[in-house]
Novice: 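Pasting in a structure now, in structure tokens, and then I'll have a few things to ask.
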Amino acid sequence: MSTQRDKVDQARANMLKTIRTAVRLRHSIAADDELNELLPLAEARFNAAVMKGKLPAPMDIKRALGI
Amino acid sequence: MRWVYELRVLDLDLENRPLAYWYDGATTAEVTAIAAGFIGGRIKCWLLGPNTMAEMLEGFRKMYDAADMVTGHNIRGHDLPIINGALIEIGHRPLGPKLTSDTNKDRFKTKDFSWSQENISQTLGLSEDKSHMSNASWREANRLVPRGLRLTRARAIGDVKQHMALRARMIRLGLLGAPKMWRPR
């Protein structure tokens, strides 16, 4: 295995890693934005129900995902 | 939002009398009455004199343990810690942690505005009156004489009735924040 080949392999791996990281980060930031919007609303609705003496039903993950 | 379980919410109030001088004009307290009732249910009242301290506290504990949440005006700052002090004094185990909805501590924040139960109830136009007691009435009540006991009973039960109405109104107006866990340790 030549030195040149090793450099190419490394460059390819670096490129793929950067793309993977960038895509994950983009989705992670979008998920945080959505969670920051959703969770306080969900918590407020839950607390409002509890204050009125009602314990909300457990969340159904399929319903939450809309499937 | 769907729900699966109707929570048992216990509304409570206690009356106490000063018992011994302490520091800086403060006194130690002794419970003279406890009134408590589940929302939508009958209000029970224990009075020191007709009931022993142990009967009062253990009678209340049964309701407390059966409740999913307890509510009252300043219960985290006053009623619950006083009850625990009284339980410890007679050698019984204290109350455990409980979800609480305190209409004084969890309320909307304001400035230069009285949030006494009597004042806020009147401000919000509630028809349930607090059974007002003069200093002379309190002296009678705290001596545990028959007329005083009647006054204490009316006061404690009246406070719980008024508080039930107050809390419902505060929830409707968005003046009450989320319930919080009370942890005595």
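Naming convention: chains lettered A, B, ... in sequence-line order (proteins, then strands); numbering from 1 in each chain. Here the structure is a predicted model, which is why all the values come from computation and not from measurement.
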Novice: Give, for atom CG of B:Leu176 and atom CG of A:Asn47, the distance between the pair rounded to the nearest 0.5 Å.
Specialist: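 Separation between the atoms: 10.5 Å.
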Novice: Counting only heavy atoms closer than 4.5 Å, note whether B:Arg167 contacts chain A via side chain, backbone, both or neither.
Specialist: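 Interface part for B:Arg167: side chain.
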Novice: For B:Lys180, does the NZ atom sit with more than 12 other heavy atoms under 6.0 Å from it, leaving out its own atoms?
Specialist: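 Yes, NZ of B:Lys180 has more than 12 neighbouring heavy atoms, counting only those of other groups under 6.0 Å.
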Novice: Look at atom CD of B:Glu128 and say whether more than 12 heavy atoms of other residues, nucleotides or ligands are closer to it than 6.0 Å.
Specialist: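 Yes - once you tally the heavy atoms of other residues, nucleotides and ligands closer than 6.0 Å, there are more than 12.
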Novice: Do B:Leu99 and A:Val50 come within less than 4.5 Å of each other through their side chains, counting heavy atoms only?
Specialist: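 Result yes, sub-4.5 Å side-chain heavy-atom pair found.
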Novice: Report, as yes or no, whether the 6.0 Å neighbourhood of atom CD on B:Glu55 holds more than 12 heavy atoms from other residues, nucleotides or ligands.
Specialist: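 Buried by this count: over 12 neighbours within 6.0 Å.
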Novice: How long is the span from the NZ atom in A:Lys52 to the CD1 atom in B:Ile39, to the nearest 0.5 Å?
Specialist: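 Going from NZ on A:Lys52 over to CD1 on B:Ile39, the span is 14.0 Å.
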Novice: For atom CD of B:Gln122, decide whether the heavy atoms of other residues, nucleotides or ligands shown that lie under 6.0 angstrom number more than 12.
Specialist: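 No - once you tally the heavy atoms of other residues, nucleotides and ligands closer than 6.0 Å, there are 12 at most.
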Novice: Could you check which of B:Ala178, B:Ala168, B:Gly174, B:Ser101 has the highest count of heavy-atom pairs closer than 4.5 Å to chain A?
Specialist: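 Highest number of heavy-atom pairs under 4.5 Å: B:Ala178.
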Novice: More than 12 heavy atoms of other residues, nucleotides or ligands under 6.0 Å from NZ of B:Lys109: is that the case?
Specialist: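 Yes, the 6.0 Å shell around NZ holds more than 12 heavy atoms from other groups.
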